[in-house]
Amino acid sequence: MATNSIVVDLRSDTVTKPCQAMKDAMSSASVGDDVYGEDPTVNRLQTEVALLLGKESSLFVPSGTMANLIAAMVHCNKRSAEMLCGDLSHVFKREGGISHLVGVQVSALKNCSDGTFKLDDFEKHIRGADIQEPITMMVSIENTHSYCGGKVLPLQWIENLAQVSRKHGVAVHMDGARLFNASEYLREDPARLVRDCDSVSFCFSKGLGAPVGSILAGTRRFIDQARRFRKMLGGGMRQAGVIAAAALVSLEQSVPSLDADHRRAQYLAKEIQKLKLPICTVDTINQHTNIVHVNISDKTNITSEKIVDRLYTVSQSETNGDCKTSEGLCIVVRGSAKPDSKTLRFVLHHDINDADLKLAVKKVCFVLTEMDKNK
């Protein structure tokens with residue numbers, strides 16, 4: 001692609017760039033040594049998040065993976081501990097450190113299409129009564145659920161899960177990487193979404209657009225232990241107020257704009273659905289947030305990788321568009337959201353405006369129609 005091409009990057013909301021307000025806040029942030037608890041900007045962020053989530057305390061960490069890892073270290077504090085989670089959850093598919101570094105047995109439950117799992121199946125998998133079994137100490141849930149297409153977990157399901165967990169002494173952790181997308185979809189305060197969870201993490205560097213950072217929240221005792229483990233893992237940051245300042249801006253400015261990302265995702269899904277192509281389907285009714293999954297028919301040899309390659313190389317002139325750059329539009333998307341390579345994933349975020357989206361939709365529809373004709 002030529003350097004003057006328009007690039008619409010729909011791989012993930014992790015590709016977002018910090019806005020000018022974030023850069024200004026970072027350049028003027030008051031800082032101190034956070035390992036000593038002396039960074040005023042980090043302290044402010046942690047206090048605001050704890051209040052926002054209705055938890056006693058919170059801890060700023062470099063990444064969501066570290067936040068989930070620390071949660072497992074705190075909750076699974078016995079030898080032969082076990083953590084349960086969905087088989088499509090990020091902690092199971094993408095975060096091997098929980099078993100490798102913590103020594104916790106991670107056991108997967110069959111995820112339903114909405115990101116939940118059957119509660120009777122969950123209860124049957126709770127172990128520890130027999131001395132030959134591992135001890136189930138924690139269950140991790142994901143909200144929104146990435147591999148299930150950005151689905152939002154039902155509040156009643158979370159409450160029921162917590163009731164079963166409490167009965168068996170199992171801690172509930174929410175991997176809320178995109179928690180505020182779930183909050184926006186349900187029109188509920190984030191504190192309500194995590195009310196029944198013992199701990200929760202969320203990312204500033206996805207839909208909220210900050211350059212780096214996640215946070216972990218829970219009781220004061222939980223966070224005291226989490227702080228120790230953060231240092232042990234090498235996550236003790238010093239003058240971290242520089243990046244915490246961007247996270248504070250994301251709470252103030254990015255959260256209110258998430259509805260636009262959802263609206264654009266819905267538009268993209270509906271435009272693809274209108275094509276009524278045999279090679280692919282998209283579920284617009286259950287399109288919850290900013291992630292769009294296009295399911296490719298098993299009856300064709302077309303894969304998500306083939307579509308991704310074509311989207312990257314096709315020129316705007318082929319689509320008879322009105323783009324005036326020499327090479328036109330470059331759409332970068334991700335395929336293989338599931339192991340069968342039959343799912344194409346688009347993720348909307350605040351760096352994509354309505355004009356970008358319309359250009360992208362035109363090109364996506366052109367390529368899908370072309371693929372269908374040549375299948």
Side-chain angles (χ1 to χ4, degrees), residues 64-65 67-179 182 186 192-201 216 218-219 222 283 286 288 293 337-340 343:
T65 296
N68 293 332
L69 179 62
I70 292 172
M73 294 175 79
V74 178
H75 290 311
C76 300
N77 55 11
K78 293 181 181 178
R79 300 284 291 179
S80 75
E82 176 185 50
M83 182 188 86
L84 298 178
C85 61
D87 66 344
L88 293 177
S89 63
H90 195 275
V91 293
F92 182 69
K93 297 180 70 66
R94 299 283 187 173
E95 300 179 24
I98 291 175
S99 56
H100 185 76
L101 300 176
V102 188
V104 171
Q105 179 165 316
V106 180
S107 299
L109 306 170
K110 180 68 175 176
N111 265 127
C112 302
S113 60
D114 64 354
T116 65
F117 42 77
K118 301 297 184 183
L119 295 183
D120 57 349
D121 188 35
F122 164 61
E123 190 163 23
K124 289 175 184 177
H125 277 79
I126 296 174
R127 301 187 285 178
D130 190 318
I131 62 170
Q132 300 176 91
E133 298 175 337
I135 305 168
T136 306
M137 302 192 70
M138 171 184 173
V139 59
S140 178
I141 58 178
E142 186 175 332
N143 201 15
T144 66
H145 200 293
S146 176
Y147 276 80
C148 289
K151 296 294 192 303
V152 177
L153 301 181
L155 292 177
Q156 188 61 57
W157 181 84
I158 299 174
E159 183 177 343
N160 293 343
L161 172 74
Q163 289 174 355
V164 176
S165 299
R166 283 193 290 269
K167 183 171 70 173
H168 295 279
V170 176
V172 179
H173 172 69
M174 180 182 288
D175 173 7
R178 297 180 176 89
L179 175 67
L186 292 175
R192 173 63 188 88
L193 275 67
V194 304
R195 182 193 70 187
D196 300 302
C197 299
D198 299 287
S199 59
V200 57
S201 63
L216 181 64
T219 64
F222 173 86
D283 184 1
N286 295 304
H288 288 182
H293 276 185
K338 294 179 181 178
D340 59 9
T343 302

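Since this is a predicted model, take the numbers as computed values, not measurements.
Here the side chain of T136 pairs a donor or acceptor atom with the backbone of R127 at under 3.5 angstrom. When atom types are taken as modelled, the side chain of D196 and the backbone of I158 share no donor-acceptor pair closer than 3.5 angstrom. Not a single donor-acceptor pair under 3.5 Å links the side chain of D198 to the backbone N or O of H173. Remark: the backbone N or O of F117 is paired with a side-chain donor or acceptor of W157 at under 3.5 angstrom. Between the side chain of S165 and the backbone N or O of L161, at least one donor-acceptor pair lies under 3.5 Å. N111 contributes a side-chain N or O that, together with a main-chain N or O of D87, makes up a donor-acceptor pair within less than 3.5 Å.
Here the closest non-hydrogen pair linking C112 and K118 is SG-CE, 4.0 Å. Listed here is the closest heavy atom pair of G97 and L69: O-CD1, 3.5 Å. Closest approach of E82 to S107, counting heavy atoms only: OE2-OG, 2.6 Å. Between M138 and A72, the closest heavy-atom pair is SD-CA, 3.6 Å.
With values rounded to the nearest 0.5 angstrom, I126 atom CD1 is found 12.5 Å from M137 atom CE. Note that CG of L109 and NZ of K124 are 11.5 Å apart. Values are rounded to the nearest 0.5 Å. Between the SG atom in C148 and the CG atom in L153 there is a gap of 9.0 Å [rounded to 0.5 Å]. For the atom pair CG of D130 and CD1 of I135, the computed distance is 11.0 Å after rounding to the nearest 0.5 Å. For the atom pair S80 OG and Q132 CD, the distance stands at 12.0 Å (nearest 0.5 Å). Rounded to the nearest 0.5 Å, atoms CG (N160) and OG1 (T116) are 11.0 Å apart.
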side-chain contact (heavy atoms from CB on, under 4.5 Å) evaluation trace for H125 with V139: CA-CA 11 Å; H125 277 79; V139 59; over 6 Å; no
Verdict with supporting geometry, L179 and M174, side-chain contact (heavy atoms from CB on, under 4.5 Å): CA-CA 9 Å; L179 175 67; M174 180 182 288; 3.9 Å; yes
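Each of E142, E95, H145 was checked for a side-chain hydrogen bond (donor to acceptor under 3.5 Å, both in side chains) with H90, and the lone residue meeting it is E95.
When only modelled atom types and interatomic distance are considered, S140 and D175 share no side-chain donor-acceptor pair under 3.5 Å. One side chain, H75 or S199, offers a donor N or O that lies under 3.5 Å from an acceptor on the other.
Counting heavy atoms from C-beta on, the side chains of F92 and I98 never come closer than 4.5 Å. Side-chain atoms of V91 and V106, non-hydrogen and from C-beta on, never get closer than 4.5 Å to each other. At a threshold of 4.5 Å between non-hydrogen side-chain atoms, the residues F122 and H168 do not count as touching.
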